[in-house]
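The figures that follow rest on heavy atoms only: side chains count, while hydrogens, waters and symmetry mates do not. Numbers restart at 1 for each chain; the letters A, B, ... are given by sequence-line order, proteins then strands.
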Number of protein chains: 2
Amino acid sequence: MRRASLDSVNCSIAQTLDVVGDPWTLLVVRDALWGVTRFDEFRRSLGIPRATLSTRLRDLVDHGVLEQRPIEEGATRSEYVLTRKGRDLRPVLVAMLQWGDTWAELPTPPVTLVDSTTNESLDLTYVDQTSGRALRDIAVGRRINTHSASAAEHSATG
Amino acid sequence: MRRASLDSVNCSIAQTLDVVGDPWTLLVVRDALWGVTRFDEFRRSLGIPRATLSTRLRDLVDHGVLEQRPIEEGATRSEYVLTRKGRDLRPVLVAMLQWGDTWAELPTPPVTLVDSTTNESLDLTYVDQTSGRALRDIAVGRRINTHSASAAEHSATG
DNA sequence: GAGATTGGTTCAATAATTAGACTCAGCTCG
DNA sequence: CGAGCTGAGTCTAATTATTGAACCAATCTC
């Protein structure tokens with residue numbers, strides 16, 4: 001968190017990790033995506049210490065990922081709901097879910113994502129909208145965007 | 001890391017975070033995907049303290065994300081290269097890159113991903129291969145896979 | 001209004017991270 | 001050969017973060 005290394009500041013991945021790089025943070029977001037909103041709900045679901053949850057929620061609110069608001073007009077208790085920014089983290093969690101399904105030594109994937117209108121299983125894959133090809137079949141490189149100049153490097157297929 | 005909370009162990013996301021939940025770890029993997037292999041290369045690129053890098057690399061090797069091997073036959077110095085398991089983390093980093101591009105207050109995205117054979121920009125989106133629809137247009141729910149029973153919950157569109 | 005529940009804060013103990021010094025092995029250059 | 005540099009770490013002491021446990025004030029429940 002306090003880390004903001006020299007070469008890395010100018011990188012969107014580092015920026016993202018600055019917000020959600022903590023081990024607990026994405027678990028909070030995961031629960032929020034499944035509709036958890038209340039302090040104790042998070043605490044019981046995650047088994048996270050109160051103090052830690054308290055600072056995590058505050059950080060997420062500060063970063064605009066969660067919105068804290070009274071559970072009803074004038075109430076003192078709060079609920080925490082994802083903002084658009086927070087809901088946009090779903091692909092990160094989908095990617096982690098898939099990696100865990102593939103590589104964690106669990107007998108069977110614990111949850112399957114479904115289309116909640118049809119209840120059909122989802123088979124989510126990163127696809128390049130320009131070429132229609134799947135990420136797994138693409139040799140990915142990068143172009144570094146300086147104000148003026150530009151250069152490209154490459155990396156093997158993932 | 002020492003956290004492995006009760007409700008969360010049986011979740012692929014938690015399993016993933018157990019391996020890459022640390023703030024530095026995914027930055028190491030990011031660099032590795034771009035071809036960084038040597039201790040000092042990582043250290044200089046990330047600005048990470050030596051001791052921290054040392055334990056991170058050891059952890060990643062222990063988890064089978066990186067392979068450590070002598071830079072050449074019989075050499076004492078090592079290089080660290082991604083395993084298949086490690087390369088499979090690319091979607092996680094792509095998702096984080098996109099979130100950072102969208103939400104970090106950077107004037108312009110620092111890097112653009114390209115197809116390194118054609119140098120064309122990539123426009124990567126999660127698509128459900130079954131229905132052909134983009135994740136952003138799907139109301140995602142989940143089916144919880146117990147050995148026998150099953151149930152489904154839903155969550156609003158991301 | 002007694003007792004549980006919710007949503008926190010405070011505290012002391014423990015664990016992780018850090019910067020910086022140190023080590024040791026291999027080059028490299030004269 | 002020997003001095004100095006670089007790479008790849010380890011060690012130590014100081015700083016920070018995390019944790020569990022206790023505490024507290026509102027709110028609900030009956």
Within the pair R43(A) and dT19(D), is there a side-chain N or O less than 4.0 Å away from OP1 or OP2? no

As a test of reading the structure: which of dG9(D), dT18(C), dG7(C) is closest to the side chain of R38(A), going by heavy atoms? dG7(C)

Is a donor-acceptor contact shorter than 3.5 angstrom present between the side chain of R50(B) and the base of dG20(C)? no

So, is R58(B) near the phosphate of dG9(D), with a side-chain N or O under 4.0 Å from OP1 or OP2? no

For T52(B) and dT18(C), is the shortest distance between a side-chain N/O and OP1 or OP2 below 4.0 Å? yes

Among dT19(D), dT18(D), dG9(D), find the nucleotide with the atom closest to the side chain of S54(B). dG9(D)

Please determine whether a side-chain nitrogen or oxygen atom of W24(A) lies at a distance below 4.0 Å from atom OP1 or OP2 of dA17(D). no

Check this for me, if you would: do R58(B) and D62(B) make a salt bridge, where the nitrogen-to-carboxylate-oxygen distance has to be below 4.0 angstrom? no

What donor-acceptor contacts under 3.5 angstrom involve side-chain atoms of residues 69-77 of chain B, with partners at least two apart or in another chain?
{"unit_1": "R69(B)", "atom_1": "NE", "unit_2": "E79(B)", "atom_2": "OE2", "d": "3.1"}
{"unit_1": "R69(B)", "atom_1": "NH2", "unit_2": "E79(B)", "atom_2": "OE2", "d": "3.4"}

Checking side-chain polar atoms at under 3.5 Å, does D123(A) have a donor or acceptor matched by the opposite partner on T130(B)? no

Would you mind checking if D88(B) and R136(A) are paired as a salt bridge, meaning a charged N to carboxylate O distance below 4.0 Å? no

To the nearest angstrom, the CG-P distance between L57(A) and dG7(C) comes to 11 Å

Nearest-Å distance for atom pair CZ/P, residues F42(A) and dT5(C): 21 Å

Between T108(A) and N145(B), do the side chains contain an N or O donor and an N or O acceptor separated by less than 3.5 Å? no

Of the candidate nucleotides dA8(D), dT18(C), dG8(C), which contains the atom at the shortest distance from the side chain of A51(B)? dT18(C)

Excluding sequence neighbours, so at least two apart, what forms side chain to side chain donor-acceptor pair (under 3.5 Å) with T83(A)? none

Across nucleotides 25-30 of chain D, 5' to 3', mark each nucleotide with B, S or - according to how protein heavy atoms within less than 4.0 Å reach it. -BB---

Nearest of dG20(D), dT18(D), dT6(C) to any side-chain atom of D40(A)? dT6(C)

What is the distance, rounded to the nearest whole Å, between atom CG of D22(A) and atom C1' of dT19(D)? 13 Å

Side-chain N or O of Y80(A) closer than 4.0 Å to phosphate OP1/OP2 of dG8(C): yes

May I ask you to evaluate whether R56(A) reaches the phosphate of dT19(D), defined as a side-chain N or O under 4.0 Å from OP1 or OP2? no

Just by distance, with hydrogens left out, do S45(B) and D31(B) show a side-chain donor and acceptor under 3.5 Å apart? yes

